[in-house]
Amino acid sequence: MARLSAAVRRGNIADQQIQVIVQFKEKPNQSHIQKMSKLGGRHLQKLNLVKGGVFTIPLSALATLANDSDIAYVSPNRSVKGSSSDAFEQTVGGDVARSYGFRGAGVGVAVIDSGISDHPDLHDPVTGLSRVVYSESFVPGTDTHDGYGHGTHVAGIIGGNGTRSAGAIVGVAPQVNLINLKVLDSNGAGSDSYVIAAIERAIALKDTYNIRVLNLSLGRPVYESFTQDPLCQAAEAAWQAGLVVVAAAGNSGRDNEFGTHGYGLIGVPGVDPYVITVGSMNTLGTGSKSDDVLATYSSKGPTMIDHIVKPDLMAPGNQIESLMAPGNTLAGEFPQNQVNPLEYGDLSGHLSYMRLSGTSMATPVVSGAVALLVQQDSTLSPDGVKARLMKTADKAFPTESIIVDPITNESFTETYDLFAVGAGYLDIPAALTNSDPVDGAALSPVAVVNSDGSVSIETDLSVVFGTSVVSGNSVVWGNSVVWGNSVIWGNSVLAGNSVIWGNSVIWGDSTVAGNSVIWGNSVIWGNSVIWGNSVDATQ
């Protein structure tokens, strides 16, 4: 039954119809579809990117599917949602990048989200033409406008040019072109199949619009290994096609349902070792990094099931001011988040901006940074971009911080360890001035529990997952020219497969050895799936 996801196997009503994504071992043809039809299935959609399709099938057919040698994996067509629950530009150096002359001109960024509504800040100030150069909806029965308000906000963080705010609210790369691929409805809900279809379209349009970046400010829980998950496999296909995939870590940092205090709760597709997974920092409304703290909602690693070290990078994501789509759901639910136009001297009376928080907001900050790097050097590969951003990330964090929620008065103690802040805090000027060569994969490594109870970092993922899944040693964490012998965290040198969690100091004088939340919890290190206890095919 290994070909069936756990959620699919749990069904117990034989004639119940469920909607599934079937991944075949080769690109499906008419004979595959006919085979599914004979089992009572109905073909709804092709998903060539993952050698599969969307089908409705009776539960009674599952046993047959489990024994079909043509099938690689069957999973529900699960629901996805946006990962959203200042002075971010100065914090990460976006203003400095503009002074260097980098604004993302000519680079295409695909925003897979709730749509992008028309906004003055997304027009070229010279030609007056919209920089949203392509729009398509994958949500049945909807147009490409943003009814939810999430996608327009994300687009503004990437590429808003500040027209309506007299330059006060500007995105990281204010001259990029945006490709609007709508996968979330006006309630912020979508499905795996919508996202996979949108990723496939981005790959197809890559050369037409010079798409180099894919922003995924959305996600869902983990149900299986990234090696089987259809959404992860689609993200990897985009990466292999030359697109830098940037994904949200998720907003489960306060979730202690499983006794992990937010550890082990990175969402899909952020769990995939290829993509750049982004966690959220709180700038506290200032342009200096010195007072910034980890956002308490930001999900932490290692990833469930595979134990991939995530997130990869941190970026500002709390109370971010960006574009507001007219009449959107989020603004209606949270009117207090709308920005008064008079704050920025806009006498038109238009409500053009709003504030949102979440790793959804941190993710487009990194996507904008990627656009700047690609504008500077168009030859950079996705692995080169990821390695450069991770190497140059600011690693000066406190040992811990105590944050008090002003609404609930609840106190949170945050430890700044590898699974909370990854390789560090995005530093755009440092990335732009770095020229270290990168040759190889920039896979996020795996945390491995050794027989003596210590934890080491395995940089060669083929050792863990096999050469058919991943290959070679990651240039980010191995003994390559990218990291060399440089000090990565505090006074600790991270090199090769050395044990870093035993008695070694990782950040300054801090150590997370013996942290029972991370190391002693069988929920994180076991092989069982803790999320997804429903047979509902939409989960």
Side-chain angles (χ1 to χ4, degrees), residues 83 92 104 107 109-112 154 157-158 172-173 199 202 211-219 226 231-232 234-250 266-281 298-303 306 308-317 358-374 380-395 418-428 430-432 434 438 440-445 461 470 474-477 482-483:
S83 298
V92 297
V107 178
V109 180
V111 179
I112 297 181
V154 165
I157 296 172
I158 297 170
V172 178
I199 293 174
I211 302 174
R212 299 294 303 274
V213 193
L214 197 62
N215 189 94
L216 290 164
S217 289
L218 48 75
F226 77 89
L231 199 48
C232 287
E236 285 187 21
W239 190 272
Q240 300 299 346
L243 305 183
V244 180
V245 183
V246 189
I266 301 290
V268 174
V271 298
D272 194 280
Y274 284 89
V275 308
I276 300 175
T277 305
V278 187
S280 178
M281 296 290 288
S298 189
S299 293
K300 308 174 186 71
T303 68
D306 295 313
I308 306 297
V309 177
K310 292 284 184 174
D312 298 298
L313 282 172
M314 306 301 290
T359 56
S360 273
M361 283 58 256
T363 301
V365 176
V366 174
S367 290
V370 173
L372 301 181
L373 287 181
V374 171
L380 276 176
S381 68
D383 293 287
V385 169
K386 181 177 179 180
R388 190 164 292 180
L389 287 175
M390 291 178 72
K391 179 187 177 179
T392 59
D394 189 342
K395 297 163 178 44
L418 185 64
F419 297 130
V421 295
Y425 204 162
L426 177 67
D427 187 333
I428 296 174
L432 287 169
N434 180 271
V438 178
L443 300 169
S444 306
L461 271 67
V470 291
S474 173
V475 297
V476 178
W477 300 96
V482 174
W483 292 104

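Just so you know, these numbers come straight off a predicted model, no measurement behind them.
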Nearest heavy-atom neighbours spanning [X] and [Y]:
X	Y	result
A362	A315	CB-O, 3.4 Å
A249	S299	O-CB, 3.6 Å
V154	S360	CG2-O, 3.9 Å
G368	V172	C-CG1, 3.6 Å
A238	I199	CB-CG2, 3.8 Å
A442	A387	CB-N, 4.2 Å

Would you find a donor on one side and an acceptor on the other, under 3.5 Å apart, between the side chain of [X] and the backbone of [Y]?
X	Y	value
D306	F226	yes
R212	L380	yes
K386	Y274	yes
K395	A423	yes

Can you tell if the side chain of [X] reaches within under 4.5 Å of the side chain of [Y], non-hydrogen atoms only?
X	Y	answer
T363	N215	yes
I428	L372	yes
K310	V271	no
I276	L313	yes
C232	V268	yes
P316	V365	yes

For [X], which residues count as a side chain to side chain contact (heavy atoms under 4.5 Å, CB included) partner, sequence neighbours excluded?
X	result
A371	V107, V109, A173, V176
A110	I179, L181, A202, I211, L214
A235	V245, P269, V275
D427	K289, P429, A430

Point-to-point distance, once rounded to the nearest 0.5 Å, from [atom1] of [X] to [atom2] of [Y]:
X	Y	atom1	atom2	result
L418	K300	CG	NZ	13.5 Å
M390	D312	CE	CG	4.5 Å
L231	L216	CG	CG	7.0 Å

Item checked: Residues which pass side chain to side chain donor-acceptor pair (under 3.5 Å) with D272, listed by chain and number, not counting sequence neighbours ->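 Listed in chain order: nothing, the list is empty.
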Next item on the list: Taking side chain to side chain donor-acceptor pair (under 3.5 Å) as the test, write out the residues that go with S280, two or more places apart.
Entry: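 Per chain and number, S280 pairs via side chain to side chain donor-acceptor pair (under 3.5 Å) with Y297.
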Checklist line | Check: T392/N434 side-chain N/O donor and acceptor closer than 3.5 Å | finding: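 There is no such pair (donor and acceptor under 3.5 Å, judged by atom type) between the side chains of T392 and N434.
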Note to self: Just to verify, which of I308, T277, V309, T359 counts as forming a side chain to side chain contact (heavy atoms under 4.5 Å, CB included) with I266?
What the structure shows: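 In the set I308, T277, V309, T359, the residue that makes a side chain to side chain contact (heavy atoms under 4.5 Å, CB included) with I266 is T277.
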